[in-house]
Amino acid sequence: MMRVDIFTVAKEIFSGAVSKGNIKRAQENGELELYIWDLRDFSPDPHRRVDDYPYGGGPGMILKSEPIFYGVRKVLTPKSRVIFLSPQGRIFNQEIAKELSTLSHIVFICGHYKGVDERVREYLVQDEISIGEYVLSGGEIPVLVVLDAVARLIPGVIGDLESAKSDSFYSDSMDAPYYTRPADFEGMKVPDVLLSGNHEAIRKWREERRRLYGKGTGFRRS
Ligand code: SAM
């Protein structure tokens with residue numbers, strides 16, 4: 001069982017995403033306990049304000065430290081890993097997803113606006129993850145990316161674990177290409193070997209394709 005707490009100023013972004021697919025299944029199966037917190041609920045400000053101007057001036061607003069510290073402290077235990085989604089973080093990949101899937105408690109902090117008060121990174125955050133070398137408006141989509149990748153690795157969450165094991169990045173190679181009915185669609189044919197019933201030949205064909213379709217090769221249209 002994994003517990004996940006998410007601190008955000010844009011709770012509504014999560015509603016559809018966590019009520020579908022593997023994240024929903026993980027909760028239904030009792031494998032994942034998920035809490036999404038609105039940082040405004042932890043603001044000491046009478047107007048529930050969570051942002052302010054940066055000291056020293058400059059453009060953009062900064063997410064204040066108090067709501068984040070007050071909120072996170074309420075859920076923190078010695079087993080928690082506090083993760084800040086940040087362009088400066090380690091770049092997320094399948095290895096990191098596997099590592100996170102073994103934790104019992106993850107606390108995600110979603111940045112917003114120009115960024116968060118640096119004291120959050122200095123004194124509260126234990127790990128920083130980036131989902132790629134570009135800048136998004138907030139940490140909510142990055143959390144969903146990370147959470148989806150992690151949830152499908154929790155044993156019992158996806159119906160067929162063998163299927164996840166053949167996915168790209170699970171081992172060194174990428175996944176093989178797949179086809180389904182019809183065998184001939186407007187003259188575009190499924191490779192004969194897949195229709196042959198020869199399991200050894202199919203296994204070899206898939207292995208060869210997995211080698212051929214290396215990371216980043218993508219779809220090549222001639
Ligand atoms: N000023 C910040 C910078 O240039 O590093 C970017 C702030 S961004 C507009 C607001 C928030 O979105 C960040 O604090 C972070 O939580 C999140 N974010 C943006 N891009 C991200 C990425 N590539 N990976 C993870 N989180 C990201």
Side-chain angles (χ1 to χ4, degrees), residues 2-18 21-23 32 34-45 48-76 80-103 105-153 168-169 215-216 218:
M2 176 189 286
R3 174 173 170 147
V4 171
D5 289 271
I6 301 171
F7 289 86
T8 171
V9 292
K11 213 175 151 178
E12 60 281 7
I13 292 179
F14 293 94
S15 51
V18 302
N22 288 326
I23 300 177
L32 175 69
L34 180 63
Y35 299 90
I36 302 169
W37 305 98
D38 185 341
L39 281 168
R40 290 177 193 83
D41 293 341
F42 303 99
S43 170
D45 183 271
R48 293 165 35 95
R49 198 171 162 180
V50 288
D51 63 330
D52 212 331
Y53 295 97
Y55 279 123
M61 299 298 277
I62 307 301
L63 205 47
K64 288 161 73 66
S65 52
E66 296 117 304
I68 301 178
F69 273 89
Y70 295 160
V72 171
R73 278 181 189 153
K74 281 206 186 302
V75 302
L76 214 55
S80 312
R81 166 101 55 105
V82 181
I83 301 178
F84 176 51
L85 283 302
S86 150
Q88 286 91 38
R90 50 187 181 137
I91 308 277
F92 189 60
N93 59 24
Q94 193 70 14
E95 273 312 300
I96 299 177
K98 278 189 208 166
E99 174 199 325
L100 300 185
S101 73
T102 65
L103 300 177
H105 186 207
I106 306 178
V107 178
F108 287 115
I109 300 171
C110 304
H112 224 86
Y113 316 117
K114 181 74 179 145
V116 302
D117 187 303
E118 188 65 12
R119 287 166 289 193
V120 170
R121 294 177 73 201
E122 284 174 348
Y123 299 106
L124 192 60
V125 166
Q126 296 163 324
D127 191 2
E128 293 193 31
I129 289 177
S130 163
I131 62 156
E133 295 180 346
Y134 41 80
V135 175
L136 296 163
S137 315
E140 289 74 18
I141 291 170
V143 162
L144 285 170
V145 168
V146 172
L147 189 57
D148 189 282
V150 170
R152 64 199 309 282
L153 295 178
S168 301
F169 302 112
K215 192 158 92 178

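Counting begins at 1 with the first residue of the sequence. Just so you know, ligand 1 is whichever comes first in the structure, and atom 1 is the first atom listed for that ligand. For the numbers below, each heavy atom of this structure counts, side chains included, while hydrogens, waters and symmetry mates do not.
Here the protein heavy atom with the shortest distance to atom 25 (C) of ligand 1 is Ser86 N, 3.4 Å. Looking only at heavy atoms of the protein, atom 15 (C) of ligand 1 is closest to Leu85 O, 3.0 Å. Residue, atom and distance of the protein heavy atom nearest to atom 23 (N) of ligand 1 are Tyr134 O, 2.8 Å. When only non-hydrogen protein atoms are considered, atom 3 (C) of ligand 1 lies nearest to Gln88 NE2, 4.1 Å.
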Using residues 58-67 as the side-chain source, report each donor-acceptor pair under 3.5 Å to any protein atom, sequence neighbours left out, with the distance given to one decimal.
none

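Heavy atoms of Leu63 found under 4.0 angstrom from ligand 1: none, in either backbone or side chain. Residue contacts with ligand 1 for Tyr113 involve N, CA, C or O but no side-chain atom from C-beta outward (heavy atoms, distance under 4.0 Å).
Using a 4.0 angstrom heavy-atom cutoff, Val135 counts as in contact with ligand 1. Ligand 1 lies out of reach of Ile109, whose nearest heavy atom is not under 4.0 Å from it.
Checking only distances, Leu136 does come within under 3.5 Å of ligand 1, N or O to N or O. An N or O contact shorter than 3.5 Å links Lys114 to ligand 1 by distance. Note: an N/O pair closer than 3.5 Å links Ile131 and ligand 1 by distance alone.
Contacts of Ser101 classified as side chain to side chain donor-acceptor pair (under 3.5 Å), with partners at least two apart in sequence or in another chain: none.
Within 6.0 Å of CD on Glu133 lie no more than 12 heavy atoms contributed by other residues, nucleotides or ligands.
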Verdict with supporting geometry, Asp45 and Arg40, salt bridge (charged side-chain N to carboxylate O under 4.0 Å, His left out) = CA-CA 9 Å; Asp45 183 271; Arg40 290 177 193 83; over 6 Å; no

Val150 and Val4: CA distance, side-chain angles, deciding distance, side-chain contact (heavy atoms from CB on, under 4.5 Å) verdict = CA-CA 11 Å; Val150 170; Val4 171; over 6 Å; no

query = Hey, mind stepping through Val143 and Thr8 against side-chain contact (heavy atoms from CB on, under 4.5 Å) and telling me if it holds?
reply = CA-CA 10 Å; Val143 162; Thr8 171; over 6 Å; no

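Between Ser130, Gly132, Gly111, Cys110, it is Gly111 that holds the heavy atom closest to atom 13 (C) of ligand 1.
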